[in-house]
There are 2 protein chains.
Amino acid sequence: MTVSRALKEGSRVSKATREKIMAAVNELGYVLDQSAGTLSSRKTGFVAAMVPSLNNSNFADTARGITDELESTGLQLLLGYTDYTVEKEERLIEAMLRRRPEGIIVTGGAHTERARRLLDNAGIPVVETWELPSKPIDQVVGFSNEEAMGLLVKTLARKGYRKFGYIGGTTSRDTRGSQRREGFVRAIEDLGLPTGRLVSFGVPPISIEQGGQAVVSMLERWPDTEAVLCVSDLSAFGALMECKRRGMRVPQDIAIAGFGDYEVAAFCHPGITTVNVDCYGIGQQAARRLIQIIRGGEKKHEQEIILTGYRVVEREST
Amino acid sequence: MTVSRALKEGSRVSKATREKIMAAVNELGYVLDQSAGTLSSRKTGFVAAMVPSLNNSNFADTARGITDELESTGLQLLLGYTDYTVEKEERLIEAMLRRRPEGIIVTGGAHTERARRLLDNAGIPVVETWELPSKPIDQVVGFSNEEAMGLLVKTLARKGYRKFGYIGGTTSRDTRGSQRREGFVRAIEDLGLPTGRLVSFGVPPISIEQGGQAVVSMLERWPDTEAVLCVSDLSAFGALMECKRRGMRVPQDIAIAGFGDYEVAAFCHPGITTVNVDCYGIGQQAARRLIQIIRGGEKKHEQEIILTGYRVVEREST
DNA sequence: AAAGGATATGTTATCGATACCATCTGAACA
DNA sequence: TGTTCAGATGGTATCGATAACATATCCTTT
């Protein structure tokens, strides 16, 4: 018992005893077994988080935000990736819950029925991120992808572009992608601009390469398109490079914009106009809210919806 | 006890009983508590892995390789990032070991003395990845960064370039970066080419932006440099974009090459010559080897060094 | 020196699963 | 009918820490 106390911060053990214990610990190479502690204290020190992909730098930033925020609290992150499917998410959630995390962060508001039930029954705070779900499970940290894309359209329309095209993935499994597309369509309609120039190409998340192929298909069907908006900067970058490869001038012959403000968008040439999203902040705030609830020990916490910022970043591509 | 059996695959419980149990499980929303199981079975089902950064797509690929390989085995990944420092790695290793992982994967061969001791004493298989450490702790899955960079130099020298410059980070905390730099220097010397054109810029990992700044500094000091090799594709991309911004022709005025074969290298214009590394395979094989040892239950396993492939990918930038 | 309070250390039960062994059930067969 | 055996189910101890409470020790004060 005294050893247990000595190895915890902030509990009272005499200096002499603590030193003796530490000496023994060092000599033996003893490392506390947290899974035993977990069982008796009913606190695992885990927080679970699920992102669609580890390879996407936006979500990697969110994961980093979560980790950084957790670090000082001694909570450990259980990270999983869903591959953009709710089925894998469901399996992952179940696997995570077996570890009894004290809180859980998921991406988006689309889940299987069973996943919702699991999350509801888990009795732990849940944060949905990166979107504003119409029926939140619990906490939310995110922004409206629809509005953000709408803002991009309006910003470009103000510069005089009228014939807008949109490039995105083929399925709705990337819900944020679908929302951006809806935001695009609605904004175009609101402004009374020519509609219908939508190219769907590839299973989300669409890659740089697919962005290039998609813009080719866009130009074949609607050669007079003035501005192409892409579901993400990666596809925008692919589109941009493909256009340059074909000798087109950007933005004179065609303007291109993306979404997400990936590093590549800032430093490629020409720089890509995009929507900057506070990826790191999303993770940070989601974690912070969880910590608040966990440490607060409030049994029944308030539902809170935290809006994170976004802004259009205009660069040379438009 | 029967419930415990019913919830495990492959143990004998009559169909009727299993169905009754499952019905109750569903009704109650019961989820197994693995931390309790862990304690009695002495198997946590965890594998720990540490990468320098989550935001680097090369390491993200490795993490994905690990996760994918683990998925079918029921092992769960505890992922942490070290920020390229051995101090953070040490703290992370200690935190991970408290969770009693059944195996551990680290990046590189540089660790603090205490970290080595912790890993040694943990009594679990350890895999060092992404390098070939001179004094391996246990298992190794990686390649020689030095040779890989050397191969790139030789390949370009064969094309006729003679005045080579190198761009990398300022400190040695990125050991793979240091090894690549050494490989560069040695290859240049071996070939009897002009030496000394080394620009160190920024704390590793150096960014796209820093790559751009570094190439400026390179051109100021050695304006006649014919080919610039960069520690990674990100800095190479930054250098490339900066050169184009300044109206230089690549590769006619200056050739640029990177390392890592990031997606951006393939699809930017011109495409960047680089060294392709089997990032995903490193993760996959590291995990596979761990599983082999864990499942094999061999108390004392053989040390094995698994070499992963690399190859120079020539593109338009050289 | 005795009393009292604060601080330090010790004891025991417990968390929730599984290992291990014991018991039970039912079918097959002599 | 009794015996045997495999398969199904049940009972108990246990993993290694901590919560909660009990006791010991030390210091202060009068």
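Per chain, numbering begins at 1; letters A, B, ... match sequence-line order.
Between the P atom of C:dA17 and the CD1 atom of B:I21 lies a distance of 13 Å, rounded to the nearest Å. Put simply, NZ on A:K8 is 18 Å from P on C:dA8, counting in whole angstrom units. Straight-line distance from the CZ atom of B:R12 to the P atom of D:dT9: 12 Å, rounded to whole Å. Atom pair A:K20:NZ and C:dT9:P shows a separation of 8 Å (rounding to whole Å applied). Summarising the geometry, the separation between CZ on A:R5 and P on C:dG10 is reported as 9 Å, rounded to the nearest angstrom.
OP1 or OP2 of D:dA17 sits under 4.0 Å from a side-chain N or O of A:Y30. Neither OP1 nor OP2 of C:dT7 sits under 4.0 Å from any side-chain N or O of A:S14.
Judged purely by atom type and a 3.5 angstrom limit, B:T73 has no side-chain atom pairing as donor or acceptor with the backbone of B:E69. Distance alone, capped at 3.5 Å, places no donor-acceptor pair between the B:D61 side chain and the B:Y280 backbone. Using a distance-only test at 3.5 Å, with no hydrogens or angles considered, a donor-acceptor pair links the side chain of B:E102 to the main chain of B:G45. Checked by atom type and distance alone, the side chain of B:R18 never pairs as donor or acceptor with a backbone atom of B:R12 at under 3.5 Å.
Taking the six-membered ring where tryptophan is involved, the planes of A:Y310 and A:F143 are tilted, since the angle between them lies from 30° to 60°.
Residue-to-nucleotide proximity on DNA chain D shows that, of B:M1 and B:R100, the 5′-proximal contact is made by B:M1.
A cation-pi geometry, defined here as NZ or CZ lying under 6.0 Å from the six-membered ring centre and within 45° of its normal, holds between B:R99 and A:F46.
Looking at residues 31-48 of chain A, you'll see A:L39, A:S40, A:R42 sit with a heavy atom under 4.0 Å from some atom of DNA chain C.
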